[in-house]
Amino acid sequence: MQGGVAEHLAALERGGARPRPVRRPEELAGVHGLVLPGGESTTMSRLLETFELFEPVAERLSEGMPAYGSCAGMVLLGNRVLDNEAPDGSPAVRTLDALDVAVRRNAFGRQVDSFETEVDVEGVDGGPVHAVFIRAPWVEKTGSGVRVLATVDTPDPHVAGERASAGTIVAVRQGPVLATAFHPELVTTDERVHRYFVQTVRAA
Amino acid sequence: MTTGENAVGTTTGTDGVKRGMAEMLKGGVIMDVVTPEQARIAEQAGAVAVMALERVPADIRSQGGVARMSDPDMIARIVESVSIPVMAKARIGHFVEARVLQSAGVDYIDESEVLTPADEANHIDKWPFTVPFVCGATNLGEALRRISEGAAMIRSKGEAGTGNVVEATRHMRQIRAEMRRLSVLESDELYAAAKELRVPVELVREVARTGKLPVVLFTAGGIATPADAAMMREVGAEGVFVGSGIFKSGDPQARAEAIVKATTFHDDPDVIAKVSRGLGEAMVGLNVDSLPEDQHYARRGW
């Protein structure tokens with residue numbers, strides 16, 4: 001729809017899947033799992049509604065369709081967004097409620113605070129994953145059914161005092177739904193996270 | 001603040017986060033806004049980012065004078081009013097304006113020919129900055145020279161503030177045609193191609209191999225209607241900047257939403273027909289041929 005769609009398609013293909021883009025409700029019917037790419041969460045939330053995809057996607061998710069969201073996709077899959085208020089008081093992002101987590105948007109700061117680092121992800125073998133965080137969110141609270149797959153230490157000294165600390169949650173899983181605050185699709189030499197998701201879809 | 005590694009092994013300001021940021025904007029529309037209210041309208045309409053400036057290009061054209069970086073206070077108010085990324089323009093070569101914008105917390109800097117150039121020989125050296133840059137180009141050589149100076153995103157220049165898409169079309173077709181030409185050259189012919197294009201041979205090799213720029217390519221300059229935006233996607237733009245076209249039109253909110261939809265469904269004429277209905281007056285527009293010589297912004301920069 002918007003964001004790193006082509007990168008996700010390529011990574012899924014390298015991970016052994018036969019991916020296709022979904023922009024219309026009828027295109028959703030044929031897929032076994034859905035990736036919500038990184039992009040702008042406000043924009044993607046708006047587009048989901050304008051293209052009449054919000055309800056069908058929410059319905060498929062409630063029926064147990066596997067899904068993976070990176071960055072903005074993580075924000076959309078959660079059930080609570082902190083600081084989520086448009087100026088008129090309405091929520092800026094409408095969430096799909098597939099993960100019992102509270103997510104803070106742009107939590108690490110603005111673009112000048114975006115960073116790259118190495119992250120160990122539970123379930124992804126072969127050493128740490130190179131992770132690119134771009135105006136990234138983080139998970140601030142998790143419900144009981146949510147497994148934390150990865151954390152990072154305080155990435156930026158000037159937000160350390162406020163909210164970030166050692167053990168900031170950046171990857172989670174609940175049932176067949178997976179989310180990362182970073183963008184594995186941008187690292188074209190490593191598709192392990194996508195392979196992990198493809199396996200999740202096959203097992204579902 | 002430059003690229004740097006801190007104690008816990010994280011690195012800011014890398015190529016990866018600068019170019020990756022532009023990847024996240026792909027398929028989207030970036031809108032020029034001059035007030036926080038306009039920024040909120042743009043965000044509500046589904047813009048992926050806004051460009052904060054004091055005067056849209058159409059007004060810069062009609063009012064004349066030296067066009068400079070916007071007041072940081074005005075940029076700060078726009079930054080506070082939306083959650084989408086905020087871009088701002090610096091004059092070509094004006095590295096201090098760029099430093100100020102980085103310090104003001106903007107997410108992307110446009111080193112823009114729409115403002116009056118500050119240096120007629122040198123563009124900004126963009127590598128030392130943590131904030132990423134987008135630059136305009138009319139052809140492949142210009143695009144690659146900007147990338148070699150550190151630009152993390154390229155846009156066609158078009159002819160801003162005219163509401164006339166002809167120059168953006170020319171630049172998009174030119175850039176794409178030159179990339180196709182490189183892809184059929186023998187490897188020993190790429191040295192001469194690099195000399196002709198006046199760019200490092202490594203970049204020429206990369207384009208010849210991949211068939212695309214190493215950074216995201218958007219279009220800008222004269223896009224006024226949903227059909228304009230969709231046509232630009234069809235000729236190879238990965239996203240669209242709309243300047244004066246939205247807030248100089250009769251019904252900005254409706255036009256903004258329509259341009260967002262047409263950009264997403266650029267290959268579906270039924271959708272474009274539906275969203276193009278009843279949008280009210282488009283901006284008036286200017287014929288590029290009748291512009292005085294010194295009013296061709298696309299000729300600024302080299």
Side-chain angles (χ1 to χ4, degrees), chain A residues 1-7 23-24 37-47 49-51 70-72 81 83-88 90 92-93 105-106 108-119 130-136 152-157 160 166 182-183 185-187, chain B residues 1 4-29 36-37 39-40 43-49 79-87 102-103 105-109 129-132 238-239 257 260-261 263-265 267-268 271 275:
Chain A
M1 181 177 300
Q2 187 269 310
V5 180
E7 289 73 18
R23 286 185 302 179
R24 300 176 176 82
E40 283 303 317
S41 56
T42 326
T43 309
M44 287 172 53
S45 169
R46 295 277 312 159
L47 289 179
E49 302 220 21
T50 347
F51 299 125
S70 66
C71 194
V81 180
D83 295 340
N84 182 29
E85 221 169 71
D88 60 1
S90 67
V93 175
R105 293 189 299 159
N106 305 341
F108 290 98
R110 303 196 68 84
Q111 172 59 16
V112 293
D113 306 308
S114 293
F115 63 99
E116 299 185 38
T117 190
E118 306 296 319
V119 176
H130 186 74
V132 184
F133 291 80
I134 296 170
R135 289 167 42 91
V152 292
D153 289 342
T154 314
D156 194 342
F182 51 91
H183 294 280
E185 75 277 11
L186 290 180
V187 184
Chain B
M1 204 167 154
E5 188 148 338
N6 68 23
V8 287
T10 69
T11 322
T12 57
T14 60
D15 265 15
V17 298
K18 289 177 176 175
R19 293 180 180 185
M21 163 83 201
E23 301 282 345
M24 296 313 130
L25 304 174
K26 278 195 309 195
V29 182
E37 290 69 42
R40 286 194 285 266
E43 181 173 50
Q44 280 300 305
V48 285
V79 164
E80 282 160 24
S81 66
V82 290
S83 68
I84 54 177
V86 176
M87 300 184 166
Q102 172 166 296
S103 162
V106 306
D107 297 298
Y108 236 93
I109 294 176
F129 286 82
T130 309
V131 69
E238 295 177 283
E257 283 179 17
V260 168
K261 288 181 196 169
T263 302
T264 309
F265 285 100
D267 54 351
D268 188 334
V271 172
V275 302

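The basis for the numbers below is simple: all heavy atoms, side chains too, and nothing from hydrogens, waters or symmetry mates. Values in this document were obtained by computation on a predicted structure and should not be read as measured data. Per chain, numbering begins at 1; letters A, B, ... match sequence-line order.
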Report summary line: Cut-off 4.5 Å, heavy atoms of chain A, and the answer for B:A47 is backbone
Report summary line: When every non-hydrogen atom of B:I84 is compared with those of A:R135, the smallest separation belongs to C-NH2, 3.6 Å
Query raised in the report: Checking heavy atoms, do the side chain of A:S114, its backbone, both or neither come under 4.5 Å from chain B?
Result: both
Report summary line: Under 4.5 Å to a heavy atom of chain B? For A:F133 that would be backbone
Query raised in the report: Is chain A contacted by the side chain of B:V86, its backbone, both, or neither, given a heavy-atom distance below 4.5 Å?
Result: both
**Report entry** Minimum-distance pair of heavy atoms, taken over all atoms of B:Q102 and A:V112
**Finding:** CG-CG1, 4.1 Å
Requested in this report: Compare every heavy atom of B:V17 with every heavy atom of A:Q111, then report the nearest pair and how far apart it is.
Outcome: NE2-O, 3.1 Å
Query raised in the report: CG of B:D107 to CD1 of A:I134: how many Å apart, nearest 0.5 Å?
Result: 11.5 Å
Query - Part of B:E238 lying under 4.5 Å from any heavy atom of chain A - result: neither
Query raised in the report: Yes or no on side-chain contact (heavy atoms from CB on, under 4.5 Å) for A:T43 and B:V260, after CA distance, side-chain angles and deciding distance?
Result: CA-CA 10 Å; A:T43 309; B:V260 168; 5.5 Å; no
Report task. Considering non-hydrogen atoms only, spot the tightest contact between B:K26 and A:A6 and give its length. Result -> NZ-CB, 4.4 Å
Report task. Quick one: do A:V132 and B:E23 satisfy side-chain contact (heavy atoms from CB on, under 4.5 Å)? Show the steps, please. Result -> CA-CA 12 Å; A:V132 184; B:E23 301 282 345; over 6 Å; no
Requested in this report: Hey, could you give me the OG1/CD distance between B:T12 and A:E116, rounded to the nearest 0.5 Å?
Outcome: 10.0 Å
Requested in this report: Spell out, as yes or no, whether a donor-acceptor pair under 3.5 Å connects the side chain of A:R46 to the backbone of B:Q44.
Outcome: yes
Report summary line: What one should report as the nearest heavy-atom pair of A:R105 and B:S83 is NH1-OG, 3.2 Å
Report summary line: Tightest non-hydrogen contact, residues A:R24 and B:F265, listed as NH2-CD2, 3.5 Å
Report summary line: Assert top hit (heavy-atom pairs under 4.5 Å, partner chain A, pool B:T264, B:V271, B:V131) equals B:T264
Query - Min side-chain heavy-atom separation B:M24-A:L186 under 4.5 Å - result: yes
Requested in this report: Select one option (side chain, backbone, both, neither) describing which atoms of A:R110 are under 4.5 Å from chain B's heavy atoms.
Outcome: both
